[in-house]
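Heads up, the thing below is written out as structure tokens.
Computation of the quantities below employed the complete heavy-atom set of this structure, encompassing side-chain atoms and omitting hydrogens, waters and symmetry-equivalent molecules.
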Amino acid sequence: KKSYENNGRRFDGYYYRDNHQNEIDLVLIENGKLHCIEIKKGILFNKSHIKAFKQLENSQYEMSFSCIISNTQENYMIEKEIMVLSAQSI
């Protein structure tokens, strides 16, 4: 948040949880696009780990690049525009 504000940009970030226990650690809205960010402890992830991201596909915003930030050593794609990022790489 601080780096956004220091650069004169509005921080538009939210925690998401619905009544079906789907949750997303951070949802950023930037230039009319949604970016979903999960922070996880593990190293191996698949599409089942991003099912909550799908809950926002029908929102008023276009889905864009999203990720899981984790302890993995290598960055890798789960599907188009959804990546697992090593915490060391950011």
- Task: Indicate, with yes or no, if Leu56 and Ile68 share a hydrophobic cluster defined by side-chain heavy-atom contacts under 4.5 Å among Ile, Leu, Val, Met, Phe, Trp and Tyr.
- Result: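 Yes, one cluster joins them.
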- Are Tyr15 and Leu34 linked, directly or through other ILVMFWY residues, by side chains that come within less than 4.5 angstrom of each other?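 Different clusters: Tyr15 never reaches Leu34 through Ile, Leu, Val, Met, Phe, Trp or Tyr contacts under 4.5 Å.
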Do you know the tightest heavy-atom contact between [X] and [Y]?
X: Gly42; Y: Ser70; value: O-CB, 3.3 Å
X: Ile24; Y: Ala52; value: CD1-O, 3.6 Å
X: Cys36; Y: Ser66; value: N-OG, 2.9 Å

- Message: I want to check something: taking the side chain as every heavy atom from C-beta on, are Gln55 and Asp18 in contact at a cut-off of under 4.5 Å?
- Response: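 Side-chain contact under 4.5 Å: yes.
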- Task: Find out whether Ile29 and Tyr14 are in side-chain contact, i.e. whether some heavy atom of one side chain is under 4.5 Å from a heavy atom of the other.
- Result: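 The answer is yes, as the side chains (C-beta and beyond) meet within the 4.5 Å cut-off.
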- Message: Main chain of Lys33, side chain of Asn31: is a donor-acceptor contact present, judged purely on distance under 3.5 Å?
- Response: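 Flag not set: sc Asn31 to bb Lys33 has no pair under 3.5 Å.
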- Partners of Glu81 by salt bridge (Lys or Arg N to Asp or Glu O under 4.0 Å), sequence neighbours excluded?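 None.
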- How would you list, by chain and number, every residue that makes a salt bridge (Lys or Arg N to Asp or Glu O under 4.0 Å) with Lys54, sequence neighbours excluded?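 With sequence neighbours excluded, Lys54 shows a salt bridge (Lys or Arg N to Asp or Glu O under 4.0 Å) to Glu57, Glu79, given in chain and number order.
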If the condition is side chain to side chain contact (heavy atoms under 4.5 Å, CB included), which residues does [X] pass it with, not counting sequence neighbours?
X: Asn71; result: Lys41, Ile43
X: Gln88; result: Gln73, Ser86
X: Leu28; result: Tyr4, Phe11, Leu26, His35, Ile37

- Message: Around atom CG of Asn58, are there more than 12 heavy atoms from other residues, nucleotides or ligands closer than 6.0 Å?
- Response: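 Not buried by this count: 12 neighbours or fewer within 6.0 Å.
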- Message: Using the rule given for side chain to side chain contact (heavy atoms under 4.5 Å, CB included), can you reason through Glu23 versus Glu38, listing the C-alpha separation, both sets of side-chain angles and the distance that settles it, and then say yes or no?
- Response: CA-CA 9 Å; Glu23 61 95 13; Glu38 274 290 301; 3.9 Å; yes
In Å, rounded to the nearest 0.5 Å, how long is the span from [atom1] of [X] to [atom2] of [Y]?
X: Asn22; Y: Ile50; atom1: CG; atom2: CD1; value: 12.5 Å
X: Met83; Y: Ser89; atom1: CE; atom2: OG; value: 8.0 Å
X: Leu85; Y: Ile39; atom1: CG; atom2: CD1; value: 11.0 Å
X: Asp25; Y: Tyr16; atom1: CG; atom2: OH; value: 13.5 Å

- Message: Can you pull out every ring pair (Phe, Tyr, Trp, His ring centres under 6.0 Å) where at least one residue sits in residues 38-63? Sequence neighbours excluded, please.
- Response: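 As it turns out, the ring pair (Phe, Tyr, Trp, His ring centres under 6.0 Å) pairs with a partner in residues 38-63, which skip direct neighbours, are Phe45-His49.
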